[in-house]
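The first residue in the sequence is number 1, and the count goes up from there.
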Amino acid sequence: MVAELTGLMDLSRWGEGARLICRRERPHPGAQLSMFDCSEGYRHTCFITNAIETENDAAVAVLELRHRGHARVEDRVRNWKDCGLQNLPFASFTQNLTWLAASLVAGSLLAWAQMTCLDGELKKAEPKSLRHRILHVAAVLVRRGRQLVLRLDEPWPWASALQRAFLKLRSTFP
């Protein structure tokens, strides 16, 4: 459910045309609710925008949908910052430009791997979790009978997930 709450708040500090939009949704299992959300069991998300006001309630829902799409973009930027984009370690502009390019490639590769190879909880995991679960594992890639075989430590908790990801990658690019 999406509602416009502009008339209930003083938004004069936000400038002319500021609007307050609120979305109410059922939280996913295991989500932490704030103390304001616990009474009804719904999660409430609000945002302020200066988009043009219309009389149509469907336009408010479209505006909220556009806002959620932008939030996904901001999540991807936050993930790229976790891949090294947050700090530029060099004094030279050229060296930092190289660092920036490498961190963007790393973030893009992680996003691509999540979209195409990974499933379950790893498909939505943050870069820090992926580094711990996928990238820091000791593995050996061996060739046996004209086939590549990935050998992992069997008691490792994410060995089966990485095996499935490797098989998906091999079937995509034989």
Colleague: Membership question, hydrophobic clusters at under 4.5 Å side-chain separation (ILVMFWY): are Leu85 and Phe93 in the same one?
Modeller: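 Both belong to a single hydrophobic cluster.
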Colleague: Got Arg26 and Tyr42 here, is their nearest side-chain heavy-atom distance under 4.5 Å?
Modeller: yes
Colleague: What closest approach, in Å, do Arg76 and Ala111 show between heavy atoms, and which atom pair accounts for it?
Modeller: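 Smallest interatomic distance, heavy atoms only, reads NH1-CB, 3.5 Å.
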Colleague: Would you say Trp14's side chain and Leu20's backbone share a donor-acceptor pair under 3.5 angstrom?
Modeller: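 No: the side chain of Trp14 does not pair with the backbone of Leu20.
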Colleague: Kindly give the heavy-atom pair with the smallest separation between His136 and His132, and that separation in Å.
Modeller: CB-O, 4.3 Å
Colleague: So, do Leu148 and Phe166 sit near enough that their side-chain heavy atoms are less than 4.5 Å apart?
Modeller: yes
Colleague: Within this structure, what is the NZ-CD distance for the pair Lys124 and Glu121, rounded to the nearest 0.5 Å?
Modeller: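 If I round to the nearest 0.5 Å, the distance is 12.0 Å.
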Colleague: Among the clusters formed by ILVMFWY side chains lying less than 4.5 Å apart, do Leu97 and Leu88 turn up in the same one?
Modeller: no
Colleague: For residues Trp158 and Val137, determine if any side-chain heavy atom of one lies less than 4.5 Å from a side-chain heavy atom of the other.
Modeller: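 No, too far: nothing below the 4.5 Å cut-off.
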Colleague: Would a hydrophobic clustering, with Ile, Leu, Val, Met, Phe, Trp and Tyr connected at side-chain separations under 4.5 Å, put Leu141 with Leu135?
Modeller: yes
Colleague: For Phe90, does its backbone N or O pair with a side-chain atom of Asn96 as donor and acceptor, under 3.5 Å?
Modeller: yes
Colleague: Is any side-chain heavy atom of Asn79 less than 4.5 Å from a side-chain heavy atom of Glu126?
Modeller: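 Of all side-chain heavy-atom pairs linking Glu126 with Asn79, at least one is under 4.5 Å.
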Colleague: Counting only heavy atoms from other residues, nucleotides and ligands, does the tally under 6.0 Å from NZ of Lys123 exceed 12?
Modeller: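 Yes, the 6.0 Å shell around NZ holds more than 12 heavy atoms from other groups.
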Colleague: Between Cys46 and Cys22, which heavy-atom pair has the shortest distance, and what is it?
Modeller: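 Residues Cys46 and Cys22, closest heavy atoms: SG-SG, 3.5 Å.
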Colleague: How long is the gap from CG on Leu104 to CH2 on Trp99, to the nearest 0.5 Å?
Modeller: 12.0 Å
Colleague: Roughly how far, to the nearest 0.5 Å, is NE2 of His44 from CE of Met1?
Modeller: 8.5 Å
Colleague: Should Phe47 and Glu64 be marked as a side chain to side chain contact (heavy atoms under 4.5 Å, CB included) after you check the CA-CA gap, both sets of side-chain angles, and the distance that decides it?
Modeller: CA-CA 9 Å; Phe47 67 96; Glu64 193 275 334; 4.0 Å; yes
Colleague: How close do Lys168 and Ser171 get, heavy atom to heavy atom, and via which atoms?
Modeller: O-OG, 2.9 Å
Colleague: From Gln114 CD over to Ile134 CD1, what is the distance, rounded to the nearest 0.5 angstrom?
Modeller: 10.0 Å
Colleague: Is the shortest side-chain heavy-atom distance between Leu162 and Leu122 below 4.5 Å?
Modeller: no
Colleague: Any side-chain heavy atom of Arg170 within less than 4.5 Å of one from Leu150?
Modeller: no
Colleague: Do Thr116 and Leu169 have side chains that get closer than 4.5 Å, going by heavy atoms?
Modeller: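 Side chain of Thr116 against side chain of Leu169, heavy atoms only: no contact under 4.5 Å found.
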Colleague: So does Arg151 have more than 12 non-hydrogen atoms from other groups sitting under 6.0 Å from CZ?
Modeller: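 It does not: Arg151 CZ has 12 such atoms or fewer within range.
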Colleague: Taking it one step at a time, do Gln163 and Leu152 satisfy side chain to side chain contact (heavy atoms under 4.5 Å, CB included)?
Modeller: CA-CA 8 Å; Gln163 281 284 7; Leu152 296 166; 4.0 Å; yes
Colleague: If we only count heavy atoms from C-beta on, is the Leu11 to Thr6 side-chain gap below 4.5 Å?
Modeller: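 Heavy-atom side-chain distance check passes, below 4.5 Å.
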Colleague: For the pair Asp10 (side chain) and Ser12 (backbone), establish whether a donor and an acceptor sit closer than 3.5 Å, ignoring hydrogens and angles.
Modeller: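 Looks like yes, one N/O pair under 3.5 Å.
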